[in-house]
Structures are given as structure tokens and as C-alpha cells.
Amino acid sequence: MTASNPPRDESPAPLDSTAHPMNSTSGRLTGRLRLIPPGGHRRPAPPALVLVGHGSRDPRALVTVRALMDRVRELRPALPVHLGHVELNEPLLPDTLAALGDAPAVLVPLLLTRGYHVKRDIPEMAAATPVRARVAAPLGPHPLLVETLYARLLEAGWPPAADAATRRTGAVVLAAAGSRDPDSATDTRRTARLLADRLGVPVIPAYASAAAPTVDTAVRALAARGRHRVAIASCFTAPGRFATECARRAPWIASAPLGAHEAMARLVLHRYDQTHALTEADLASA
């Protein structure tokens with residue numbers, strides 16, 4: 001399946017289509033999130049932002065996520081920002097939430113699609129602690145994610161102005177982790193279509209595990225169509241085993257993971273603001 005030729009029976013989702021499913025998933029947590037003003041007309045302090053990383057055995061992953069956290073803090077100095085991981089790295093999310101007590105928080109997954117971690121693991125970890133939390137949508141699909149993918153491709157050597165040869169023989173494989181959840185594949189395909197619109201060449205989503213096609217299969221499919229100048233766009237938040245394996249399959253260039261790009265920090269804050277605004281709307285209507 002190519003990103004430039006989606007199936008006829010598939011309707012493109014809105015850019016922020018992940019927001020509503022995540023709100024319904026964490027709906028059972030909503031009642032626990034009540035921002036109580038300390039008195040008078042003073043505005044309550046904003047909820048803490050908790051970045052939720054997946055975790056990796058690759059030591060570069062933790063360094064990268066911490067760099068992204070620092071960039072978020074630079075953009076919003078007054079906002080308390082914390083970090084927790086689903087697995088493999090400390091601090092683990094339950095420990096981070098336990099340290100917050102019953103304070104309000106918005107959990108922003110550093111994940112790029114809807115899947116088991118976003119729909120089940122993170123809400124359940126939050127529900128098992130006193131923290132008054134809401135879970136934001138994952139970071140993709142969104143134009144800021146595509147902006148980062150595009151910037152990383154330029155850094156790797158993609159031509160900033162595609163000439164006729166690039167438009168005729170160039171293509172990109174969008175390499176993602178993969179999931180058995182069909183919503184995850186839908187989100188990745190949406191990101192691929194947005195990137196194809198930006199580049200003007202076909203973009204095929206491919207996966208490191210749990211879904212098809214693989215990166216090798218996608219590269220061969222493009223070659224069969226006369227697309228031999230193929231780049232791998234690394235759709236991973238941070239370095240790790242999957243990102244490294246996918247990059248090795250590149251017949252031409254491979255971009256770095258998304259990392260601490262400024263657009264990623266702005267996207268994190270967008271998801272935070274989006275979720276916080278919904279919380280305030282709930283309180284106003286209560």
C-alpha cells in the first residue's frame with residue numbers, strides 16, 4: 001500500500017482525529033481531575049506535564065528524551081514538566097505519578113500513533129495512582145510531526161528543492177515501530193500522506209515489527225515502480241533497536257530519529273494545551 005495511493009474505501013482522518021479517542025479512553029479518569037482554585041478569583045496553577053516515554057535499552061534513547069524535555073521547559077519555563085517511562089528506563093511512569101501525589105497532571109505520550117500503550121497501559125498506570133490525570137493524544141498524525149520528519153530528511157541529504165529526476169525516481173519509506181492495533185496503522189498512513197504532500201514523491205509506510213510491509217518489502221515495491229532513489233524516514237521518537245535496524249535497510253539515505261527538534265517540543269505542548277483546554281471545558285460545564 002502506498003501513501004500516495006490510499007485505498008478508495010479509506011477516508012482520511014482529521015489531523016487531530018486521535019484527540020477524541022484518547023479523551024474517551026481516559027474518560028474514566030476525568031472525574032478525578034478537578035482543579036480547585038485556592039480562593040478568590042486567582043486562576044489555579046496549570047496541571048503538570050508528564051512526558052511518557054516508551055523506554056529503551058539503547059542509552060541514547062534516554063539522553064534524547066531528556067533533551068526533548070529540556071526543550072519543552074525552555075519553551076514553557078513556568079510549567080512543571082516531568083518524565084516517566086512505560087518500561088525499561090527510569091523513572092518509570094508509576095513512580096513519577098506517585099511522586100505527584102493527588103496533583104493534577106496531563107500525560108503526553110511520546111508515541112506517534114494510537115496503540116496498546118496509549119489506549120491501555122498509560123491510562124491504567126494513571127488510574128492506579130492518586131494523581132488526577134488526563135491522557136493526551138499521541139504525537140501523530142500532525143503537521144508538526146511532518147515538519148520534523150522533513151527537517152531530518154534534509155539533514156540526511158534529501159534535496160530541499162526536488163528536481164525532475166528526484167520527482168521521477170525518488171521516494172521515501174516511512175519506517176515506524178508497528179502495532180497490531182489497526183488505529184496505529186491508520187495514523188501512520190495519515191502521516192505518510194502528509195509527508196508525501198510535503199515532498200512531492202511517494203511515501204510508503206513500513207514497519208519494524210507486528211505489521212506489514214517491512215522496510216525491505218517497501219523498498220522492493222518502490223524499485224519495481226522505477227523508484228530507485230529511496231530514503232528511509234525514521235518515524236521514531238528516539239534512537240533504539242528498531243530505528244537502527246530500519247536505517248540499515250536504506251538503499252540511499254536514512255534520517256535520524258525525531259529527537260529534540262523544536263517542532264517536536266511545540267507538538268508536545270500543543271497536545272498538552274489541547275487536553276488541558278478540554279479539562280477546563282469539562283469543569284466549566286460541571
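Just so you know, these numbers come straight off a predicted model, no measurement behind them.
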Does any N or O in the side chain of R132 come within less than 3.5 Å of the main-chain N or O of D102, such that one atom is a donor and the other an acceptor?
yes
Just by distance, do the side chain of S234 and the backbone of A243 share a donor-acceptor pair under 3.5 Å?
no
Are P257 and T237 close enough that some pair of their side-chain heavy atoms sits under 4.5 Å apart?
no
Within the distance-only criterion (no hydrogens, no angle test), does the side chain of R71 pair as donor or acceptor with the backbone N or O of A260 below 3.5 angstrom?
yes
Nearest heavy atoms of L88 and G55, plus distance in Å:
CD1-O, 3.8 Å
Show your reasoning for whether salt bridge (charged side-chain N to carboxylate O under 4.0 Å, His left out) applies to R76 and D273.
CA-CA 11 Å; R76 195 78 60 88; D273 291 337; 2.9 Å; yes
How close do L153 and A231 get, counting heavy atoms only, and between which atoms?
CD2-CB, 4.1 Å
Is there a continuous path of hydrophobic side-chain contacts, each under 4.5 Å between heavy atoms, that joins F242 to L258?
no
Should T217 and T214 count as side-chain neighbours, where that means a heavy-atom distance under 4.5 Å?
yes
Out of curiosity, M125 CE to T129 OG1, how far, rounded to the nearest 0.5 Å?
11.0 Å
Is a side-chain N or O of R114 found less than 3.5 angstrom from the main chain of D187, in a donor-acceptor match?
no
If hydrophobic clusters are built by linking Ile, Leu, Val, Met, Phe, Trp and Tyr wherever their side-chain heavy atoms come under 4.5 Å apart, do L68 and F236 end up in the same one?
no
Is it the case that the ring center of H270 lies less than 6.0 angstrom away from the ring center of H142?
yes
Before you tell me yes or no, could you show the steps for L100 and V50 under side-chain contact (heavy atoms from CB on, under 4.5 Å), namely the whole-Å CA-CA distance, both residues' side-chain angles and the distance that decides it to 0.1 Å?
CA-CA 10 Å; L100 291 175; V50 179; 3.8 Å; yes
Say whether, by atom type as modelled, one donor and one acceptor occur between the side chain of T96 and the main chain of L83 under 3.5 angstrom.
yes
Reported CD1-to-CG distance for the pair I122 and L111, which is rounded to 0.5 angstrom
5.5 Å
Check whether any side-chain heavy atom of W252 lies under 4.5 Å from a side-chain heavy atom of V230, and answer yes or no.
no
For T169 and T166, indicate whether the former's side chain and the latter's backbone hold a donor-acceptor pair under 3.5 Å.
no
L49 with L75, same ILVMFWY side-chain cluster at under 4.5 Å
yes
W158 and A171: which non-hydrogen atoms are nearest, and at how many Å?
CZ3-O, 3.8 Å
Hydrophobic clustering (ILVMFWY, side-chain heavy atoms < 4.5 Å, transitive) - are L194 and L174 grouped together?
yes
When E245 is tested against each of R241, R248, R249 for salt bridge (Lys or Arg N to Asp or Glu O under 4.0 Å), which residue passes?
R241
Result block: side-chain N/O donor-acceptor pairs under 3.5 angstrom for residues 196-213, not counting sequence neighbours:
residue: S209; atom: OG; partner: A177; partner atom: O; Å: 3.2

Is there a side-chain contact between R73 and L79 in this structure, where contact means two heavy atoms from C-beta onward sitting under 4.5 Å apart?
no
Does T275 reach the side chain of V108, with side-chain heavy atoms less than 4.5 Å apart?
no
Test L97 against every option in V52, L107, L92 by the side chain to side chain contact (heavy atoms under 4.5 Å, CB included) rule and name the one that passes.
L107
Nearest heavy atoms of A176 and T188, plus distance in Å
CB-CG2, 4.1 Å
Measure from the side-chain N and O atoms of R134 to the backbone N and O of V106, and report whether any donor-acceptor pair falls under 3.5 Å.
no
Rounded to the nearest 0.5 Å, what's the gap from CG on L51 to CZ on R271? Could you check?
14.0 Å
For the student: nearest non-hydrogen atoms of V131 and A105, plus distance:
CG2-CB, 3.9 Å
Shortest non-hydrogen contact from S56 to N89?
N-OD1, 2.8 Å
Is any side-chain heavy atom of L62 closer than 4.5 Å to one of H85?
yes
Inspect the contact between R120 and D181 and indicate whether a charged nitrogen and a carboxylate oxygen are less than 4.0 angstrom apart.
no
Contact between I232 and S255 at the side-chain level, heavy atoms closer than 4.5 Å - yes or no?
no
Qualifying residue, where the test is side chain to side chain contact (heavy atoms under 4.5 Å, CB included) with T191 and the options are L112, T186, L145:
L145
Please report the interatomic distance NE2(H54) to CG(L110), rounded to the nearest 0.5 Å.
12.0 Å
Quick one: CG on L93 to NE2 on H82, what's the gap to the nearest 0.5 Å?
12.0 Å
